Every structure is written in C-alpha cells, then in structure tokens.
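On a predicted model such as this, the values are computed, not experimentally measured, just so you know. Keep in mind that the numbers below use all heavy atoms, side chains included, and drop hydrogens, waters and symmetry copies. We name chains A, B, ... by the order of the sequence lines, and we start the count at 1 in each one.
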Amino acid sequence: MSGDHSHNDDRIDCGSRVNDSHKHKDKYKDKEHKHKDHKKDKEREKSKHGSSDHKDSSDKKHRDKEREKMKHKDGSTDKHKHKDKEKRKEEKSEPEDDFYHSPKHEKSLKRERDDDNESDIKPKKTKNKKGEVTDGKKKGKKEPEEKWKWWEEERYTDGSKWRFLEHKGPVFAPPYEPVPSNVKFYYDGKHMRLSPQAEEVATFFAKMLDHDYTTKDIFRKNFFKDWRKEMTSEEKATITDLKKCNFAEMNEYFKAQSEARKAMSKEEKLKIKEENERILQEYGFCIMDNHKERIANFRIEPPGLFRGRGDHPKMGMLKRRIRPEDIIINCSKDSKHPKPPPGTKWKEVRHDNKVTWLVSWTENIQGSIKYIMLNPSSRIKGEKDWQKYETARRLKSCVDRLRAQYRDDWKSKEMRIRQRAVALYFIDKLALRAGNEKEEGETADTVGCCSLRVEHIKLYPEKDGQEYVVEFDFLGKDSIRYYNKVPVEKRVYKNLQLFMENKEPDDDLFDRLNTSILNKHLQELMDGLTAKVFRTYNASITLQQQLKELTTDENIPAKILSYNRANRAVAILCNHQRAPPKTFEKSMQNLQTKIDAKKDQLSDARRELKSAKADAKVRRDEKSKKAVETKKKAVQRIEEQLMKLEVQATDREENKQIALGTSKLNYLDPRISVAWCKKWGIPIEKIYNKTQREKFAWAIDMADEDFEF
DNA sequence: GCCTGGACTTAGTAAAAACCTT
DNA sequence: AAGGTTTTTACTAAGTCCAGGC
C-alpha cells in the first residue's frame, strides 16, 4: 500500500524488481473510474466470441467422491466407535497415493483416535499405537513429555477432521477504558466531552496520528463516516468536519502510556508476563482427539480502524467490537462446552467435525468469516502441510508431460486453450499466483495471472539484446509490486500480441480464462493439481537444486550463507519482499565497524605471531615455542571470526528487501532442508528456530540425508 | 455454468522478547 | 541496569480453492 510502504519507495533488489507503490499510484490513479465495468467487459468479450465451450471436467471429481463413499460402504455412521476403529484398520490397507511413508515408519502407521472414554482424555500423555500410555514414568523431573508423532499414524479418510474437540472458547478484547478527564478533545479549538462510544472510536484515530494512514483522504473519509455513526445526535450536530478535530492530547496520552509501560519495574513486568502465561495456559490450548494442541489465535480481534493494504477503498472504516452474541462455537457434542461470559450468550454452538475451526465470527468490513484455528504444529495443520508437499512432488513426476502439453496448446486453434496455455506457462515459469477475480470497490486493485490486464504487460520484440521480451508490472497480493522482464518463446509472444489486439489497457489479458477454468483443466491433468501447486513445486525444486549447486565444502557459516542464498533464490522467484528494516543502514554500518575492528585485531595478532616466531628462533626454548603456538591459535580464531562477520554482512546486504520467512514457512518442503542439514552436519537450529522446528517436526523426524524432493 | 459463501493458506508488518553492549 | 539491536511472535489482511444453490 502506498501508506504502509511509503518508506519503500526504492525497493529494488539485485535484479530489476521494484516495489514502489507510491509512484505506482499515479499510474493507477484513475483506475477507479476506468474499470468500473470490467466484468461487463469480460462478458461482452465472451459473447462476442461465442460462449465458451465447456467439456465436462468434473468427471474426475465425481469419481473421487464415489471412491470416498466406497470406503464407507459398510455404512458406519461414526457413532459407534468400535466399529469405527475396525473400519479404520481396514482402510489402512488402502494405499494412500498421496502419502509417502518411509519404510522405517511403515510399521507404525496407526493412530488412536478413540474418543470412547472421557477419562481417557489426558492431553499430556501420548499413546503409542498399541494404546499403551507412554507417559512420564521417565526419571527426569522436568521430562518434556514425549512429543506425539502424529505422522506415524493414520489420517482420517472420510473427510472428518476430528472425533473429539474441547476448548475454552475465545478471549475477548478488553473493554474500553475511557481516557482520564484531563485528556481533552477539541473541536474547532473548543474543548468537547465525548460520549464513551464516540470517544472510543476517536481514540482509535488518535492512536494512529503518527501514521501515514491518517493523512489519506479515503482513510479519513471512511473513518469520519463511521465515527459519526457512533456519535450522539448532539455530537453529530457539532462535529461535522474532521479537519477541525484535535486529537493531540489523546495521542500524547497514549504515547505516555506506552512509555510508562516500558518504564515499569521488573516486578510489574513479570506480573503481566505471568498473567499472560495464565491466559495462554487456560485458553491457548484445546483437546483434539486425545491430544492437547496449541491454538494459533485464541484472542478475538479487538475493535479498531481497518488497515487495508495498498489503495484499499475501505481503509479507515470502523472494525466493530465482537461480542459473544457474534460468536459461533464449534466443539464436540460430548465435550465440556465453553461458557460465554456471564450474562451473555453465544450466537450458536455447533458440532461440525468436517471443519477444523473452533470459533468463528463474521467481520463487518468485508462481511467475511474469521476463524480461530490450531497452531501450525498441530496434527491437523501438519498433515495438510505434508500433503501439500506430496502433491507438489507428484507434480514433479509429471511436470515434463504438462509442459509439453501447454507448449503444444500454444498452437491450438481455440483461443481459450491458447490463453490457458500461456497463463499456465506464466504460472509455471514465473511462479505467478492464480489470480481470482475480485469484487470491484471492495478491495485494493491487485491481480494475479488470470486477472492480468493488458496494461500490466509490455511487449518488446527486442530489448537489452534479447528477443521477445515481456515486461510485467503489476500489483500482486498485498499490493506488492511485481516487476520483471522476461524473454519468452516466440509463440508465446505472438499469442500475447493476439490477446492484446483491439483491447483497452484495462481489459483482461486472458478474457477467455479464469481460475476456475484453469483449475478444472489442471485437475484433469493430475489429481489434486491446482495453480498454486506450481508455486510450491517450483519453490521446492529450486531450493533443492540451488542447494546442490551452491553448497561448498567450507565451514559452517559459509554453508549457511549458501543455504540462505538458495532460500533467497526462491524468495525472489516468489516475489517475497519486505520493507528494508528502518535501521538497516545503521546496522550495516555497525557490522562494518565490527569488521574493521576485527581486521585491526587480526593484523595485531599477526604481528605478535611474527615476533613470537622470531623470538622462538632466537631462544629455542619450550616456553617460546608454546607462545608461538598460542599466537597461531589466536590468529586462526580471529580469522574465523572475521570470516564469520564478513559472511554475515554479505548475507544481510543481500537480504535487504527480501523476505525469506514466507517461502521457508509456506513453500519449501522442509524435508529438503532437513536432509541438507543432515548431509552436511549442520545443526537444524541454524536453519529453523523453535517455532519452525515445531511446525516441521514431522519433517525433522522423518527425512534422512538422502531425501529427494 | 455462474455466483456466493465458507474454509483454509499465504502474506507482510507491528509489537514483544531475547540478546548483546556499554 | 539500561539501552540499543536483532530475532521471534502476534496479528490479521489477502489470497486460493471448492462446494452448493440457483
């Protein structure tokens, strides 16, 4: 967004990508009016070319569904647990094409999912496949209970996500605390007392006064409109112009508050910490199928002003406070249901084990549903993640075929097929996102592959010594700019020319294509294939290949630099950018200072070594020989330290505006990294921090050094 | 087919915590 | 112990994809 990212005016990496939403804004500024009727355009386009002929692509899906049903031909209704268990055993023999089990795990594939006995629910204890409790009879006092290896057990195959689910419900935002009466609000220079409702919303704005947002017209307009809705009629009558509002004292007050918080004594801070820990222990976990699992976001989002990213038409709108009456609870029937706060009721309590969420509510800005779900370390998220990589690996084994096919389709006589083939080529080659249509005026104007418009690409028959160059320039997810110049095959180029013929800049480039059509096609090519699988596949395969290429037989820091560089190649491919840290320059300088100091230290040490050597030559005694050895060691040590610092500097510099985290967390098969660590004797901690190790526990446990993606 | 709602993954930034210096 | 810096975590917006109703 031009707001949030306003300090990024020159996001540029070593290549040619830029993220520069400010300058961009101008380019797009009259978009708002211009493509009001995009959809209509598309429709018009379509009817012009005759309605798109649609082969039935859902065959496959139906087949799958049938297969799913078959598994339940015994008619079990999941109500009878024993039956259910038996059924599961049977299912076990059915090979799950999706899953890779290394032979050494083959034997322990069963998961106990019995919920048949309340007293059985001991979250902290893990059970092995035989159902024996393998709890803490261990000697150690603080024995961190054995971690549950869900990946050695079976998955549900009937579409249910759990058998038993119990939790305490969400933690609500703290109630509004009015500001002290000496903290005044002024309208048109005159002190004015606000009603609590109006005051609360005013404080939201006051807190953001230092932020760029509050200078933006849309933000101010939206805020003011929603604020007025909270005012009493008198307030409404008086306060008619936001420019005349003075929130300065409120702003000061909140700044002082945060200062005070920072300045708190150790004891006070500890107390708060303990209280947070208590809440975490009480609300931060749930019990799902005999296991205590961490919840990702157990706190309800507090009210505030909506901060959309990019040029979001709704920025500044009031995000309302969520009450128990808005909340839907999901848990098992036979669990202890969470209690709403005294004097309140939940909107609904349901027992839907076909979904993974514990709590949901509808948000008022877009009207979408928000959820409380489990942590990435949980079984339910981990299984899915594992599955995702298995799908990507299946793509690996047929990607050559698919590539051959879409290249062939560039020649198709049907426009829709050509478009599909070119789009797929972009998705594959450039790791573009699918690009769903978005509702105009509801969100920032961003695009992905299928929603690219003519104005987003430029064609150059020849550029920088290369033929058939396509220049991409558009805002993608989160309004991050994608800028790239790529030479393409002549056929692609010619097709693009054709697609752009007789179109306005704001017409869709692929007017005969959308994500649904594309995904239906992909589904036919490979079971479970969708556009985003290409991102996962290309990210992971790139990491693997880059690691092979870059890892040298040097010391650990150098190897880690190689890893980070491989990771970086992926981040660049996926266009994962970040705002350069505010302190980036300074921190680089500091590092350089350290390096210089280290260099001085090194030359000193070298000089000392020299003189010690000379000394030893003259004296020829044990003592001076020893001294030489010591000095030698010292020099070595310092050399190593210097090297480390230099590597660190390189790494940091290269990482200035590239975010490695996103790909590491979402696109790179962790088994590749684990295998690499094992192969080169790198401690896994050097690559994954604690959270990451928890999320990827399955991979750390199962991948050995010759894992191949 | 087409639209909408629902569920779930992916994303960057802000805040908090940990770490490192002085 | 304070203060600055770096790393981690929390937060929540913004995507993808699918199913179900017309």
Side-chain angles (χ1 to χ4, degrees), chain A residues 1 3-5 7-8 19 39 43 46 51-54 56-58 61 65 161 211 258 261-263 266 269 272-273 276 280 296-302 304 306-310 312 314-315 319 330 352 354-357 360 362-363 365-371 373-376 380-381 384-385 388 433-439 442-444 446-451 476-480 514-520 522-523 528-533 535-536 574-579 581-584 586-587 590-591 594 648 652 657 659 661-663 665-667 689-692:
Chain A
M1 96 159 21
D4 248 346
H5 301 168
H7 45 294
N8 303 336
N19 185 31
K39 278 217 175 107
E43 272 155 30
K46 268 182 196 159
S51 66
S52 46
D53 38 344
H54 229 72
D56 182 18
S57 56
S58 43
K61 213 172 284 164
K65 254 190 202 158
K161 305 296 169 70
H211 205 289
S258 81
R261 223 172 307 126
K262 269 189 231 155
K266 240 190 185 156
K269 280 183 181 164
I272 292 176
K273 204 175 161 184
N276 281 336
L280 172 67
N297 56 325
F298 55 88
R299 287 171 201 276
I300 300 280
E301 297 173 16
F306 177 73
R307 304 157 81 118
R309 305 189 232 230
H312 197 117
K314 300 196 170 187
M315 64 167 82
K319 208 168 92 160
N330 193 30
D352 181 357
K354 300 280 190 259
V355 297
T356 66
W357 53 268
S360 76
T362 301
E363 152 267 356
I365 304 288
Q366 323 268 355
S368 66
I369 309 171
K370 299 264 187 163
Y371 303 94
M373 291 183 185
L374 298 193
N375 203 57
I380 215 159
K381 293 290 183 189
K384 202 77 185 299
D385 206 36
K388 172 182 77 186
R433 296 186 183 82
N436 285 311
E437 305 95 299
K438 307 171 71 187
E439 218 177 321
E442 295 292 300
T443 58
T446 64
V447 298
C449 186
C450 294
S451 49
K477 182 175 178 182
D478 292 310
S479 293
I480 296 292
N514 61 39
T515 54
S516 162
I517 295 170
L518 179 64
N519 280 334
K520 260 178 206 148
L522 292 175
Q523 188 58 232
L529 187 61
T530 61
K532 85 187 184 80
V533 178
R535 252 166 102 80
T536 311
C574 294
N575 200 38
H576 291 142
Q577 302 192 30
R578 64 165 185 173
K582 288 177 269 309
T583 55
F584 185 82
K586 188 142 67 111
S587 115
N590 290 160
L591 243 186
K594 271 190 186 170
Q648 204 187 342
R652 193 176 296 181
Q657 43 210 159
T662 306
S663 48
L665 235 46
N666 300 301
Y667 289 103
N689 68 29
K690 187 163 144 283
T691 328
Q692 295 166 159

Residues at least two apart in sequence or cross-chain that pass side chain to side chain contact (heavy atoms under 4.5 Å, CB included) with A:A531, listed by chain then number, are A:I427, A:A434, A:L518, A:N519, A:L522
Are OP1 or OP2 of C:dA13 and a side-chain N or O of A:K370 less than 4.0 angstrom apart?
yes
Set of side chain to side chain contact (heavy atoms under 4.5 Å, CB included) partners for A:T362, sequence neighbours left out:
A:I369
Return no unless some side-chain N or O of A:T530 is found under 4.0 Å from OP1 or OP2 of C:dC17.
yes
The side-chain hydrogen bond (donor to acceptor under 3.5 Å, both in side chains) partners of A:S516 (sequence neighbours excluded) come to none
Does A:K319 place a side-chain N or O at less than 4.0 Å from the phosphate oxygens OP1/OP2 of C:dA13?
yes
With heavy atoms under 4.0 Å as the rule, sort A:S516 into base, sugar-phosphate or nothing.
nothing
Please list, chain by chain and in numerical order, all residues satisfying side-chain hydrogen bond (donor to acceptor under 3.5 Å, both in side chains) with A:K381, sequence neighbours excluded.
none
Answer yes or no: does a side-chain N or O of A:N519 lie under 4.0 Å from OP1 or OP2 of C:dC17?
yes
Looking at A:K161, I'd like to know whether one of its side-chain N or O atoms comes within less than 4.0 Å of OP1 or OP2 on B:dC8.
yes
Under 4.0 Å between a side-chain N or O of A:K438 and OP1 or OP2 of C:dG15?
yes
A:R261: partners by side chain to side chain contact (heavy atoms under 4.5 Å, CB included), with sequence neighbours left out:
A:Q257, A:S258, A:M264
Does A:Y371 reach a base, just sugar-phosphate, or nothing at all? Heavy atoms under 4.0 Å.
base
Respond yes when some side-chain nitrogen or oxygen of A:T446 is under 4.0 Å from OP1 or OP2 of C:dA14, and no when none is.
no
Kindly give the atom pairs (protein nitrogen or oxygen, nucleotide nitrogen or oxygen) under 3.5 Å for nucleotides 2-5 of chain C.
| unit_1 | atom_1 | unit_2 | atom_2 | d |
| --- | --- | --- | --- | --- |
| C:dT5 | OP1 | A:K586 | NZ | 2.8 |
| C:dT5 | OP2 | A:K586 | NZ | 3.0 |

With sequence neighbours excluded, what pairs up with A:K266 under the salt bridge (charged side-chain N to carboxylate O under 4.0 Å, His left out) test?
none
Taking only N/O atoms, report every protein-nucleotides 17-22 of chain B pair under 3.5 Å with atom names and distance.
none

The criterion is side-chain hydrogen bond (donor to acceptor under 3.5 Å, both in side chains); which residues satisfy it with A:S360, sequence neighbours excluded?
none
With a cut-off of less than 4.0 Å, is there a side-chain N or O of A:N436 near OP1 or OP2 of C:dG15?
no
Nearest-Å distance, CG (A:L529) to P (C:dT16)?
15 Å
Contacts of A:G448 and A:K266 projected onto DNA chain C by closest heavy atom; the upstream (5') one is A:K266
The criterion is side chain to side chain contact (heavy atoms under 4.5 Å, CB included); which residues satisfy it with A:R535, sequence neighbours excluded?
A:A431, A:R433, A:C574, A:H576, A:Y667
Report the residues that fulfil side-chain hydrogen bond (donor to acceptor under 3.5 Å, both in side chains) with A:K370, sequence neighbours left out, ordered by chain and then residue number.
A:E301
Show each protein N/O and nucleotides 9-11 of chain B N/O combination with a separation under 3.5 Å, one pair to a line.
| unit_1 | atom_1 | unit_2 | atom_2 | d |
| --- | --- | --- | --- | --- |
| B:dT9 | OP2 | A:K381 | NZ | 2.4 |
| B:dT9 | O3' | A:K532 | NZ | 3.3 |
| B:dT10 | OP1 | A:K532 | NZ | 3.1 |
| B:dT10 | OP2 | A:K388 | NZ | 2.8 |
| B:dT10 | O3' | A:Y667 | OH | 3.1 |
| B:dT10 | O2 | A:K477 | NZ | 2.6 |
| B:dA11 | OP1 | A:R433 | NE | 3.4 |
| B:dA11 | OP1 | A:R433 | NH2 | 2.8 |
| B:dA11 | OP1 | A:R535 | NH2 | 2.7 |
| B:dA11 | OP1 | A:Y667 | OH | 2.8 |
| B:dA11 | OP2 | A:H576 | NE2 | 3.1 |
| B:dA11 | OP2 | A:Y667 | OH | 3.0 |
| B:dA11 | O4' | A:K477 | NZ | 3.3 |

